[in-house]
Trainee: 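Here's a structure for you.
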Protein chains: 2
Amino acid sequence: MRMTDIARLAGVSTSTVSRVFHGSPLVNEETAQRVRAVLNDSRYIPDGLARGLKSGITNIYGLVITDITNPFFPEIVKEFESIAAERSREIMLTNIDFHKNGMGDSVRRLLTWKVDGVAILTSNPDRRSMDDLTANSIPMATLDRRLLGPGLSDIAVDNLPGMIQGMAYLDNLGHKKIGYIGGLPGEAISKHRRGEFIHALKKQGFAVRSEYIKAGDFRISGGAAAIQELLVLNDPPTAIFTANDMTAIGALHAAQKMGYKVGEDISIIGLDDIAFAEMTTPALTTLRLSRPRMARAFFDALDYFGSRPSSIGQQYTVKTSLVIRDSTGPAKVKKNQRSSR
Amino acid sequence: MRMTDIARLAGVSTSTVSRVFHGSPLVNEETAQRVRAVLNDSRYIPDGLARGLKSGITNIYGLVITDITNPFFPEIVKEFESIAAERSREIMLTNIDFHKNGMGDSVRRLLTWKVDGVAILTSNPDRRSMDDLTANSIPMATLDRRLLGPGLSDIAVDNLPGMIQGMAYLDNLGHKKIGYIGGLPGEAISKHRRGEFIHALKKQGFAVRSEYIKAGDFRISGGAAAIQELLVLNDPPTAIFTANDMTAIGALHAAQKMGYKVGEDISIIGLDDIAFAEMTTPALTTLRLSRPRMARAFFDALDYFGSRPSSIGQQYTVKTSLVIRDSTGPAKVKKNQRSSR
DNA sequence: CTGAAAGCGCTTACAG
DNA sequence: CTGAAAGCGCTTACAG
């Protein structure tokens with residue numbers, strides 16, 4: 001059923017149907033009611049292609065994801081979709097992992113569909129692709145890049161509140177020697193996050209010991225490798241922060257394999273609070289990054305540009321907070337350490 | 001840059017540009033080369049809206065997901081997207097969890113965008129929505145419903161091979177008493193899956209004991225509740241199959257809380273092999289359901305309809321296979337049980 | 001082998 | 001307050 005059919009049935013022009021459909025006040029109430037009746041009876045569904053072609057607005061937002069199987073992302077996607085559905089927006093999903101051309105292909109496809117905005121959920125979006133988007137006046141929202149521009153907003157993660165809570169909590173438990181397993185060495189986000197760790201460490205009056213700070217890769221394997229190096233030190237840390245939950249989970253398992261009781265012999269703190277953080281044994285103490293808030297920020301960021309796609313974007317920030325579970329506990333004074341004095 | 005501009009630059013009509021762009025052989029090679037040069041130089045990106053409006057083909061596939069945060073789905077979505085990208089198809093994602101109108105809104109939105117097909121990744125798609133899709137000649141592929149029709153294919157999961165392997169494996173380990181924690185009682189898939197369990201049980205010559213078969217809900221909580229009932233029996237099972245990994249993980253944690261050593265005192269077998277199955281402690285023995293194969297089947301199912309959206313669909317089947325990890329081990333003869341004789 | 005023309009289903013100035 | 005008309009950027013018979 002096309003708008004033309006509705007118009008014929010209601011005895012008006014398509015112009016009027018279109019106005020009624022979009023709730024324009026420029027229509028006589030009686031006429032509007034008649035049209036609405038026909039619209040409902042026929043269960044009219046508009047043609048998004050025609051509407052988009054004519055108006056230049058598709059109400060589609062593109063979502064560029066690094067790797068949807070990383071449990072951090074589905075929760076954001078879900079919330080984002082939920083908000084989008086409420087506002088009659090669509091989501092076009094592109095996963096860029098394993099695509100040889102990086103973001104290039106994704107963006108090309110998104111441009112084909114004239115999306116109204118793109119949420120880029122990767123820490124390393126490539127410059128060329130972003131330029132293509134800018135050239136076509138398509139607004140973007142990025143993750144933790146902290147760079148703004150025309151049609152470009154950013155959603156940053158502020159780990160400091162959670163880190164500071166975590167340090168105070170560890171201090172209470174008697175910990176003094178705090179380690180850190182970071183993200184991939186090359187990435188800006190890794191550097192920033194490590195900075196936050198050091199800042200919180202100092203704030204609590206803990207010593208900054210460079211041998212306690214290792215790089216990871218945001219994955220299970222990196223966490224496992226790094227904690228092995230830390231636990232093998234002569235005077236190892238008694239508690240360890242990590243750059244994300246995957247790293248913490250890797251560290252947790254590796255420590256267990258080495259014979260440590262996590263939460264007793266060694267305390268481990270994650271970051272993100274993915275759903276599986278409470279499924280590990282012991283359940284993971286972590287810094288929660290609210291996924292609903294992230295999703296809301298991304299949506300707001302894109303929505304903000306509305307009809308002015310080239311206005312300067314805004315910086316949004318989402319804070320973390322400490323969630324205490326069982327992978328942390330009182331600092332343990334090792335018996336063999338005492339006896340060796 | 002529109003096609004009109006390309007035509008002007010190349011000194012031909014838009015008809016010719018269109019033909020060249022789509023690789024039609026009806027164009028003189030010299031002309032084609034000239035057009036291709038302009039196409040490349042200008043980095044022409046077609047307008048999907050205009051193309052779709054005119055041709056009736058969008059190359060967009062809709063994906064209807066129950067809950068993207070259930071780790072079973074992202075892996076399918078990822079593979080599906082990867083195949084789609086290769087074939088220049090788009091994915092429009094709709095998550096139906098928490099949407100009051102169930103699939104209704106999702107389908108309405110998908111109809112607005114004239115998607116070429118819809119993959120429905122939920123065990124309970126509502127009839128009305130499917131009828132709407134059928135009425136609009138939009139092909140569908142469903143998950144484990146085992147019903148075909150015009151424009152309707154199905155991807156079934158065959159758990160028997162994995163179940164049978166699992167039974168033989170348990171038999172070797174000396175187990176005789178095998179329990180099962182199923183899915184949500186109402187759903188057809190739960191009934192089917194339980195049937196497969198019983199079939200495999202008999203095939204291995206194990207006794208079918210109704211008190212060993214409990215319902216779950218495909219979630220952590222259901223698995224936890226059910227295993228508590230099983231372990232409290234006078235003569236409890238020594239090994240337990242589950243309807244999915246989430247159920248198994250819930251069971252694993254609950255058993256541990258009750259003081260059981262999983263893999264020693266009690267063996268637990270999951271189903272799916274989600275990524276986190278190897279992250280539990282102990283790592284989960286499970287029946288793997290290949291997600292790449294599932295995704296491929298869904299894509300093929302939709303692709304199959306091509307230009308005949310109303311032809312009768314096909315039944316696809318994906319088999320499971322046993323993956324042995326640490327949540328299973330030799331059957332234990334309980335000391336107190338022996339002494340109580 | 002190539003182009004002029006119609007038309008997909010809408011929206012939106014414009015005229016009345 | 002309402003409608004006729006143009007046009008968004010393509011594709012596709014049709015004619016030559």
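Protein chains get the first letters and strands the later ones, always in sequence-line order, with residue 1 at the start of each. From a predicted model like this one, the values you see are computed outputs, not experimental measurements.
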Trainee: Run through DNA chain C and report every stem of 3 or more consecutive Watson-Crick or G-U pairs, distances under 3.5 Å, ordered by first number.
Mentor: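 Ordered by first number, the stems with DNA chain C (at least 3 consecutive pairs each) read C:1-3 with D:14-16, C:5-12 with D:5-12, C:14-16 with D:1-3.
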Trainee: What pairs with B:Arg19 under side chain to side chain donor-acceptor pair (under 3.5 Å), at least two apart in sequence or on another chain?
Mentor: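 So B:Arg19 forms no side chain to side chain donor-acceptor pair (under 3.5 Å) with any residue.
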Trainee: Just to be sure I understand the rule, does A:Thr16 reach a base, reach only the sugar-phosphate, or reach nothing, if contact means heavy atoms closer than 4.0 Å?
Mentor: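 The answer is sugar-phosphate, as A:Thr16 gets under 4.0 Å only of primed atoms, P, OP1 or OP2.
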Trainee: Could you pick out which residue, A:Asp47 or B:Ser15, lies toward the 5' side of DNA chain C when each is mapped onto its nearest nucleotide?
Mentor: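 Residue closer to the 5' terminus by nearest nucleotide: B:Ser15.
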Trainee: With salt bridge (charged side-chain N to carboxylate O under 4.0 Å, His left out) as the criterion, how do A:Asp41 and A:Arg43 come out once you've worked through the C-alpha distance, each side chain's angles and the decisive distance to 0.1 Å?
Mentor: CA-CA 6 Å; A:Asp41 289 356; A:Arg43 304 181 69 213; over 6 Å; no
Trainee: Keeping to residues at least two apart or across chains, list the side-chain hydrogen bond (donor to acceptor under 3.5 Å, both in side chains) pairs with something in residues 46-58 of chain B.
Mentor: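 Output for this query lists B:His22-B:Arg51, B:Thr58-B:Asp116.
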Trainee: With heavy-atom distances below 4.5 Å as the criterion, would you say the side chains of A:Leu110 and A:Ile60 are in contact?
Mentor: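 Counting from C-beta outward, A:Leu110 and A:Ile60 never come under 4.5 Å.
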Trainee: Could you go through B:Glu81 and B:Glu90, starting from their C-alpha distance and side-chain angles, then the distance that decides it, and tell me whether this counts as side chain to side chain contact (heavy atoms under 4.5 Å, CB included)?
Mentor: CA-CA 8 Å; B:Glu81 197 274 343; B:Glu90 287 336 301; over 6 Å; no
Trainee: Using the heavy-atom set of chain B and a strict 4.0 Å cut-off, write down the first and last nucleotide of DNA chain D that makes it in, 5' to 3'.
Mentor: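 Extent of the interface on DNA chain D: D:dG9 to D:dA13.
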Trainee: A:Tyr316 and A:Phe298: aromatic ring centres closer than 6.0 Å?
Mentor: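 Not close enough - the centres of the two rings lie 6.0 Å or further apart.
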Trainee: Please list, chain by chain and in numerical order, all residues satisfying side chain to side chain donor-acceptor pair (under 3.5 Å) with B:Ser153, sequence neighbours excluded.
Mentor: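 In terms of side chain to side chain donor-acceptor pair (under 3.5 Å), with neighbours along the sequence ignored, B:Ser153 is linked to no residue.
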Trainee: For the atom pair CG (A:Leu93) and OG1 (B:Thr94), what is the distance rounded to the nearest 0.5 Å?
Mentor: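 The OG1 atom of B:Thr94 is 11.5 Å from CG of A:Leu93, to the nearest 0.5 Å.
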Trainee: Got a sec? Which of residues 25-44 of chain A come in under 4.0 Å of DNA chain C, heavy atoms?
Mentor: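 Here the set is A:Tyr44.
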Trainee: Quick one: does B:Asp154's side chain have a donor or acceptor within less than 3.5 Å of a partner on B:Arg145's backbone?
Mentor: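 Yes, because the side chain of B:Asp154 sits within donor-acceptor range (under 3.5 Å) of the backbone of B:Arg145.
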Trainee: Does a side chain donor of either A:Asn124 or A:Thr122 reach within less than 3.5 Å of an acceptor in the other side chain?
Mentor: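 Judged by distance alone, the side chains do not pair up.
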